[in-house]
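Report on one structure; see the data block that follows.
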Amino acid sequence: MGRAICVASGKGGTGKTSVASGIACCLAAMDKRVVVLDADVGLRNMDIVLGVSDSALFDFTDVISGNVSLEKALLTHPLVENLRLLSAPLGEKAGRDVTPKQMAELVHEIKRMCDFCIIDCPAGLDFGFNLAATAADCAILVATTDTVSLRDARLTRESLKKRGISDIRLVVNRVRPSLIKKLAAANIDEAIDRTSTRLIGIIPEDRAVIEAANKGTLLFSNLRAPAAKAYRNIARRICGESVPLMKISKKL
């Protein structure tokens, strides 16, 4: 039986989907069977980030409604062995009739066929967040060092705990030491304190992330990209390895 990890942020614009996809790809590259479940009901982006937007024929509502089997609905990634995707439905009212119980049953079925189910949670704390959080075993909280993001991350942590998730780890994304040095952003210790969450990784600001997303290419295999190295380190920690935090260039 696999483990379902909800990747949440609270605030939009933290790079949560890029983090979720990067970690998922790295876990798959470590010979783990990975299913990415896009829980961003109405507004999905994971298929674009993974470069398979023209290939995702089904979404999780097709499985829940019984229109298609889970095995058929899962899209096997053409370039990353062991990685599969189950998309979210598109449209303002799409998926609104799905219940947390149905989502939990779906995720339970997914966990029977993989090592990790990475659930990309939508920003905010409304319907889609509740679906994702109800189905998860643990969570990764993605935040940047700005004050609004850290406050929203703390509120998201509290909401996750209310839904029964106690194993929550923090990823501080888009870190720029130059801003921290100028006191224009919180440092890593402050981010941990403000969110009351244990750290599992830091990811530097890296323009390669935006370039990869815009081109529909995968960043994780780019050995020169600092963010890709950070994704690999986080994936290794998820698997129980002891990996030191990477040093981030002070020029950023």
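In what follows, residues are counted from 1 in the order of the sequence shown. A quick note: this is a predicted structure, and the numbers were derived from the prediction, not measured.
Tracing side-chain contacts under 4.5 Å through hydrophobic residues (I, L, V, M, F, W, Y), one reaches Ile203 starting from Leu218; they form part of the same cluster. Ile110 and Val63 end up in the same hydrophobic cluster when Ile, Leu, Val, Met, Phe, Trp and Tyr side chains are linked at under 4.5 Å. The hydrophobic clustering, which links ILVMFWY residues whose side-chain heavy atoms are closer than 4.5 Å, places Phe60 and Leu85 apart. Taking hydrophobic clusters as Ile, Leu, Val, Met, Phe, Trp and Tyr residues chained together by side-chain heavy-atom distances below 4.5 Å, Leu83 shares a cluster with Val19. Taken together through direct or relayed side-chain contacts under 4.5 Å among Ile, Leu, Val, Met, Phe, Trp and Tyr, Ile119 and Ile5 form parts of separate hydrophobic clusters.
At a threshold of 4.5 Å between non-hydrogen side-chain atoms, the residues Val35 and Leu74 count as touching. For the pair Leu70 and Met113, the minimum side-chain heavy-atom distance is below 4.5 Å. Proximity of Val172 to Ile188: side-chain heavy atoms (C-beta onward) are separated by under 4.5 Å at one or more points. Inter-residue side-chain proximity for Leu141 and Arg169 is flagged as unmet; no heavy-atom pair is nearer than 4.5 Å. Proximity of Leu245 to Leu199: side-chain heavy atoms (C-beta onward) are separated by under 4.5 Å at one or more points. Under the 4.5 Å side-chain criterion, counting only non-hydrogen atoms from C-beta, Leu37 is in contact with Val107.
Distance check: Cys6 SG to Asp167 CG gives 12.0 Å after rounding to the nearest 0.5 Å. Atoms OG1 and CD1, on Thr145 and Ile202 in that order, are 11.0 Å from each other to the nearest 0.5 Å. Residue Ser166 holds its OG atom at 10.0 Å from CZ of Arg157, rounded to the nearest 0.5 Å. The structure places CE of Met1 at 14.0 Å from CZ of Arg3, a figure rounded to the nearest 0.5 Å. Taking CZ of Arg151 as the reference point, atom CG of Asp146 lies at 10.5 Å (rounded to 0.5 Å). Atom CD1 of Ile23 is separated from atom CZ of Arg236 by 14.0 Å, given to the nearest 0.5 angstrom.
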Distance-only donor-acceptor hits, side chain of residues 120-133, under 3.5 Å, sequence neighbours excluded:
unit_1, atom_1, unit_2, atom_2, d
Asp120, OD1, Lys16, NZ, 3.0
Asp120, OD2, Thr17, OG1, 2.9
Asn130, OD1, Arg163, NE, 2.8

Can you give each donor-acceptor pair under 3.5 Å made by side-chain atoms of residues 39-52, sequence neighbours left out, with the distance rounded to 0.1 Å?
unit_1, atom_1, unit_2, atom_2, d
Arg44, NE, Asp47, OD2, 3.3
Arg44, NH1, Ala88, O, 2.8

Atom pairs and distances, donor-acceptor, side-chain atoms in residues 226-235, under 3.5 Å, two or more places apart:
unit_1, atom_1, unit_2, atom_2, d
Arg232, NH1, Phe220, O, 2.8

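Around the CD atom of Glu81, the shell of radius 6.0 Å holds no more than 12 heavy atoms that belong to other residues, nucleotides or ligands.
The closest donor-acceptor contact from the side chain of Asn173 to the backbone of Thr14 lies under 3.5 Å. At distances below 3.5 Å, not a single donor-acceptor pair connects side-chain atoms of Glu158 with backbone N or O atoms of Leu155. The main-chain N or O of Gly12 is never found under 3.5 Å from a side-chain atom of Ser9 such that the two would form a donor-acceptor pair. Under a 3.5 Å cut-off, the side chain of Glu190 and the backbone N or O of Asn187 do form a donor-acceptor pair. Thr197 places a side-chain N or O within 3.5 Å of a backbone atom of Thr195 that can act as its donor or acceptor partner. In this structure, the side chain of Ser65 engages the main chain of Asp62 through a donor-acceptor pair within 3.5 Å.
Residues Val80 and Cys25 come closest through the heavy atom pair CG1-O, 4.3 Å. Of all heavy-atom pairs spanning Leu86 and Asp59, the tightest one is CD1-C, 3.9 Å. The heavy-atom pair separating Ile200 from Arg237 by the smallest distance is O-NH1, 2.8 Å. Across Leu79 and His77, no two heavy atoms sit closer than the pair N-ND1, 3.0 Å. Pairing each heavy atom of Met103 with each of Val98, the nearest pair is N-CG1, 4.4 Å. Nearest heavy atoms, Leu170 versus Ala191: CD2-O, 4.0 Å.
Checked against side chain to side chain donor-acceptor pair (under 3.5 Å), Ser196 has the following partners two or more places apart in sequence or in another chain: Arg154. With sequence neighbours left out, Asp115 forms a side chain to side chain donor-acceptor pair (under 3.5 Å) with Arg33. The side chain to side chain contact (heavy atoms under 4.5 Å, CB included) search around Asn222 returns Leu219, Arg224, Ala225, not counting sequence neighbours. Partners of Thr217 according to the side chain to side chain contact (heavy atoms under 4.5 Å, CB included) rule, which considers only residues two or more places apart in sequence or in another chain, are Ala212, Lys215. Here Cys239 pairs with Leu27, Met30, Lys32, Phe116 under the side chain to side chain contact (heavy atoms under 4.5 Å, CB included) rule; sequence neighbours left out. In this view, Ser18 satisfies the side chain to side chain donor-acceptor pair (under 3.5 Å) rule with no residue, not counting sequence neighbours. Among residues two or more places apart in sequence or in another chain, the salt bridge (Lys or Arg N to Asp or Glu O under 4.0 Å) test is passed with Arg84 by Glu71. With sequence neighbours left out, Asp193 forms a side chain to side chain donor-acceptor pair (under 3.5 Å) with no residue at all. Partners of Arg96 by salt bridge (Lys or Arg N to Asp or Glu O under 4.0 Å), not counting sequence neighbours: none found.
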Inset, instruction - Apply the test salt bridge (charged side-chain N to carboxylate O under 4.0 Å, His left out) to residues Asp137 and Lys111: give CA-CA distance (whole Å), side-chain angles for both, the deciding distance (0.1 Å), then the verdict. - result: CA-CA 11 Å; Asp137 300 311; Lys111 291 195 298 181; 3.0 Å; yes
Inset, instruction - Begin with the C-alpha distance, continue with both residues' side-chain angles, and end with the deciding distance and a verdict on side-chain contact (heavy atoms from CB on, under 4.5 Å) for Arg198 and Ile192. - result: CA-CA 7 Å; Arg198 289 174 57 190; Ile192 294 171; over 6 Å; no
